[in-house]
Amino acid sequence: MATFLHRLGRLSFRRRRLVALLWAVALAVCALAAAKAPTAPEDAFSMPGTESQKAFDLLDRRFPGGNADAADARIVFVAPEGQKITAGPNRAAVERVVADVADGPQVRTVLDPFALAGAVSGNGTTAYATVAFTAVPAELTDAATDALRDAAEAGQRAGLTVEMGGTALAPESELGGATEVIGLVAAAVVLLVTFGSLVAAGLPLLTAVVGVGIGAASIVAVGMSTTTVTLALMLGIAVGIDYALFIVSRYRTERAEGHTAEEAAARATGTAGSAVVFAGLTVVIALAGLSVVGIPILTKMGVAAASTVVVAVLVALTLLPALLGFFPRAVLPRAARKERPGGGEHHGGERPSRKRPRADRPALGVRWARAVVRRPLAVLVLAVLGLGLISLPALDLRLGMPGDEAQPTSTTQRRAYDALADGFGPGFNGPLTVVVDAKGAADPKAAADRAGKRLAATGGVTAVTPAAFNEAGDTAVLTVVPATGPSSGATAELVHDIRGTARGLAADTGATMLVTGTTAVNIDLAQKVNESLPAYLALVVGLAFLLLMLVFRSLLVPLKAALGFLLSVAAAFGTIVATFQWGWFADVLGIEQTGPVVSLMPIFLIGVVFGLAMDYEVFLVTRMREAYVHGERPGAAVVTGFRHSARVVGAAAVIMIAVFAGFVGMTDPMIKMVGVGLAAAVFFDAFVVRMTLVPAVLALLGDRAWSLPGWLARVLPEVDVEGEALNRPAPERQPAPEPVGV
C-alpha cells in the first residue's frame with residue numbers, strides 16, 4: 001500500500017500541472033452537469049413495511065387524487081377576551097378569511113369551521129379551519145403561502161387572534177449558507193494557528209472545497225434531491241480538511257528530516273496517505289451501513305455522502321501532492337522558509353538545511369502523553385468513570401419527532417399549537433387517522449360503524465369522527481383524537497392498543513383497520529430505529545474491526561477503538577438527553593420546550609461520529625505503530641505518536657467542534673440538537689477517548705497491543721501502512737549503473 005501510494009504521490013508531484021488541470025476539468029464538468037440537470041423532486045419520506053406506510057399506500061390506491069402527502073394548513077381563530085368566536089362580527093371575520101384562503105393558488109379545499117362538527121371549541125372561544133393543498137410541501141409556491149398569510153393578517157386586523165400551523169408552513173431547513181461559511185472561517189483560523197502558514201492553511205481548505213464541490217455536483221447531476229446533499233456537504237468538508245491536514249503535516253515532517261520536496265510529498269502520500277485510505281474506508285462503511293435501517297431517504301443520504309468521501313480521498317492522494325509541487329516551501333514553518341536553501345533541487349523544490357533544531361521545551365501533546373504513560377491505570381479509571389457518569393442520562397432516552405410544540409413561542413406554529421391545546425385539549429394537535437379496509441367485509445358500513453364504536457370505547461380516546469367512505473364504498477377513514485399530546489408516551493401506547501383492537505375487528509367482520517397519520521408515523525419511525533440500531537452497530541463496528549485489524553495487525557487495538565467509540569457515543573447521548581429531555585442548560589442554549597430526542601438522531605449521530613472517530617484513531621495510532629515497528633519501546637512509541645500527530649488530530653477536532661457548534665445558534669430545535677450532539681461527541685471522542693484512553697490502554701498493554709496470533713498473522717495480508725518498505729532501498733531510488741564502453 002505505502003509503496004504504491006509513494007509512486008502515486010511522486011507522479012502527482014512531477015505531473016502537477018496535468019493533475020491540477022484534470023481535477024479542474026472534473027469540477028467544471030460536474031458543475032455544468034448539475035446546472036443543466038432538471039430539478040429533482042424532493043424525496044417523499046417513506047418507511048416500507050410499517051403499518052403507517054401501508055395505510056398511506058392504501059389511501060393512495062382507494063382515494064385516487066387524494067394525495068395523502070399533499071400540504072395542509074390549519075388556521076386557528078381565537079376570539080377577543082370575553083367574546084365568543086360565534087358572535088356575529090367575529091363569525092363574519094372568520095368567514096371572510098376562509099373565503100380569501102379558498103381563492104388562493106394551489107388550494108384544493110377549505111373546511112369552514114361553522115359547517116364542520118367539532119371545529120368550534122366547547123367554550124365557544126376558539127375555532128379552526130383546515131386547508132388542503134394540491135401540491136406537496138416542497139412544491140408549494142411562494143404565492144400560495146403568501147396568500148395564506150395575507151388572509152390571516154386580514155383576520156387579525158378584524159380583531160381576532162389568528163395563528164397557523166401545518167406542513168404548508170413547516171420551517172425551512174437552516175443547514176447551509178451561513179453555517180458552512182462559519183465552519184470554513186473557523187477551519188481557516190485553526191489551520192493558520194496550527195501551521196503558521198497561509199498556504200499550508202489554505203491547501204486543506206482548497207482540496208476540501210474541490211472534493212465536496214465535485215461530490216455535491218455529481219449528486220445533483222445524477223438526479224438526487226437536494227435533501228441528500230446535506231450529509232454529503234457536512235462530511236465532505238469535515239473529512240476533506242482532515243485528510244489534507246494529515247498529509248500536509250507529514251510533508252512538513254519529511255522536509256524537516258532532510259528530504260527533498262518531491263521525496264517528502266511522495267513519502268507523505270505513502271505513509272499518511274495510507275492512513276487516509278483506511279480512515280476513508282471506515283467512513284464509507286459507516287455511511288453505507290445506513291441502508292440497514294430500511295428508510296429509503298436515509299439510504300440515499302448515506303450512499304451520496306459515501307461517494308463524496310471517496311472523492312475526498314482521491315483528491316487528497318493526487319491533487320494535494322500536485323499542489324505541494326507548486327508550493328514546496330510556502331507550506332513549511334516560518335523558520336524553515338527563512339532558511340536559505342543550500343543547493344538546487346530537481347522538480348521545483350529546494351534542499352532544506354539538515355541542521356537539527358535546538359532542544360526546546362516539549363510540546364503540550366508530548367508532555368500530556370508522558371503524563372498519561374506514567375500513570376496509565378489512574379488515567380484510564382478516571383476517564384472511564386467520567387464518561388460513564390456523563391452517559392447515565394442516556395438510560396432515559398425517548399425517541400420521537402418533535403413537532404410545533406418544540407418551536408419557539410415567537411413562531412405562529414407554536415402559538416397555533418398552544419391555542420388548539422387550550423381550546424380542544426392536547427391530543428387535538430396529534431390526531432390519528434384510522435383506515436378501515438372493508439373490501440373483504442360482508443357489510444362495509446356495518447364494519448366501519450363497529451370500528452368507530454370500538455375506537456370510542458378505547459381508553460385514552462376523547463373523540464372519533466364519523467366514517468368517510470370512498471366512491472367505491474369499500475374503504476372508510478376515521479379520525480381519532482387522543483387525550484394526550486402527540487409526543488406523549490401515553491399516545492404511543494394508545495396507538496398500540498388500537499392496533500390490538502384491529503385484530504378483533506378483522507376476526508368479527510373481515511375488515512382490516514390500519515392506523516396512520518403524522519403521530520403514528522413518528523411512533524413507527526422511533527420503533528423502526530430502535531429495532532435497526534443493534535444490527536447497524538454490529539455491521540459497522542464489525543467491519544471496522546476487521547479493517548483496523550488489517551491496518552494495525554492487532555486484535556486489541558481495534559477492540560479498544562470500538563469500545564472507546566461506544567463510550568464517546570454514550571456520553572454524547574447522555575448530553576443530549578440531559579439537555580433536550582431534562583432541560584439542563586436549556587436557557588443558555590435557547591431551548592424553549594423539552595421533549596423526546598429526534599428519532600433519526602441515534603443512527604445519524606452514530607454514522608457521522610463513527611467516521612470521524614476512526615479518522616482520529618487511524619491518524620493517531622498509525623504514528624504510534626510506525627514508531628513501534630521502527631524499534632521503539634511501547635511507551636516511547638506512544639509519546640512519539642503524540643509528538644507527530646496530537647497537534648494535527650487536536651486541530652481537526654477543534655475544527656469539527658466549531659463547525660457543529662455553529663448549529664446550536666439555529667432556531668430549529670432539530671438542527672440545534674444535531675449541533676449539540678455532534679459537538680459533544682467529537683469532543684468526548686477526540687480529547688477523552690483518543691488522546692486519553694488510547695495512550696493509557698496502549699501503555700498498559702505494552703507489546704501485547706501490537707501482537708497477533710501466529711496463524712492469523714500468516715493469513716492477513718501485509719498492507720504496510722507505516723511505510724516500512726520506503727525505508728528499504730527501492731529500485732527506482734538506486735543510482736543508475738554506469739554505461740559500459742565497447
Side-chain angles (χ1 to χ4, degrees), residues 71-133 143-170 403-405 407-433 456 461-466 468 478-486 518 593:
D72 64 80
R74 183 173 284 177
I75 309 175
V76 184
F77 304 93
V78 181
E81 185 71 25
Q83 298 183 26
K84 301 288 187 181
I85 199 69
T86 53
N90 295 334
R91 178 167 182 156
V94 170
E95 291 174 343
R96 282 196 301 271
V97 172
V98 170
D100 290 343
V101 171
D103 292 336
Q106 295 182 291
V107 173
R108 187 173 68 234
T109 59
V110 181
L111 298 181
D112 188 335
F114 302 113
L116 180 66
V120 178
S121 63
N123 58 12
T125 62
T126 308
Y128 70 91
T130 302
V131 185
F133 290 88
T145 54
D146 289 343
L148 192 63
R149 293 188 176 94
D150 292 342
E153 290 176 1
Q156 291 170 351
R157 289 193 297 269
L160 302 179
T161 298
V162 184
E163 306 294 350
M164 295 181 294
T167 58
L169 296 173
D404 289 342
E405 76 278 10
Q407 297 289 336
T409 53
S410 59
T411 62
T412 185
Q413 293 95 328
R414 171 62 184 276
R415 294 194 296 269
Y417 181 97
D418 292 340
L420 286 172
D422 292 340
F424 298 91
F428 201 81
N429 284 292
L432 305 174
T433 301
V461 173
T462 60
V464 179
T465 64
L478 302 90
T479 300
V480 177
V481 179
T484 51
T518 303
Q593 181 70 35

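Just the heavy atoms: all of them, side chains too, but no hydrogens, waters or symmetry mates, feed the values below.
The salt bridge (Lys or Arg N to Asp or Glu O under 4.0 Å) check on D72 picks up nothing, with sequence neighbours excluded. Residues passing the side-chain hydrogen bond (donor to acceptor under 3.5 Å, both in side chains) test with N123 are S121, T125, sequence neighbours excluded. The side chain to side chain contact (heavy atoms under 4.5 Å, CB included) check on A119 picks up P113, L116, Y128, with sequence neighbours excluded. Every residue two or more places apart in sequence or in another chain was checked for a side-chain hydrogen bond (donor to acceptor under 3.5 Å, both in side chains) with E153, and none qualifies. With sequence neighbours excluded, the residues satisfying salt bridge (Lys or Arg N to Asp or Glu O under 4.0 Å) with E95 are R91. Residues passing the side chain to side chain contact (heavy atoms under 4.5 Å, CB included) test with V481 are F428, T462, A463, sequence neighbours excluded. Contacts of A151 classified as side chain to side chain contact (heavy atoms under 4.5 Å, CB included), with partners at least two apart in sequence or in another chain: V97, D100, V101. Applying the side chain to side chain contact (heavy atoms under 4.5 Å, CB included) test to T518 and every residue at least two apart in sequence or in another chain returns N522.
Scanning both residues, A129 and V98, for their nearest heavy atoms gives CB-CG2, 4.1 Å. Smallest separation of non-hydrogen atoms from Q413 and G165: CG-CA, 4.3 Å. Closest of all the heavy-atom pairs between A73 and L148 is CB-CD2, 3.8 Å. When all heavy atoms of P431 and T479 are compared, the pair lying nearest together is CB-CG2, 3.8 Å. Annotation for A419 and T126: closest pair O-CG2, 4.2 Å, computed over non-hydrogen atoms. In terms of heavy atoms, G430 sits closest to P486 at CA-CB, 3.9 Å.
The shortest distance between side-chain heavy atoms of L478 and P466 does not fall below 4.5 Å.
Pairs engaging residues 422-433 under the side chain to side chain donor-acceptor pair (under 3.5 Å) rule: none recorded [sequence neighbours left out]. Pairs engaging residues 77-120 under the ring pair (Phe, Tyr, Trp, His ring centres under 6.0 Å) rule: none recorded [sequence neighbours left out]. For residues 154-166, the pairs satisfying salt bridge (Lys or Arg N to Asp or Glu O under 4.0 Å) are E163-R415, with sequence neighbours left out.
From T411, atom OG1 reaches atom CG of L169 across 10.5 Å, with rounding to the nearest 0.5 Å. Atom CZ of residue R74 and atom CG of residue L420 lie 5.5 Å apart, to the nearest 0.5 angstrom.
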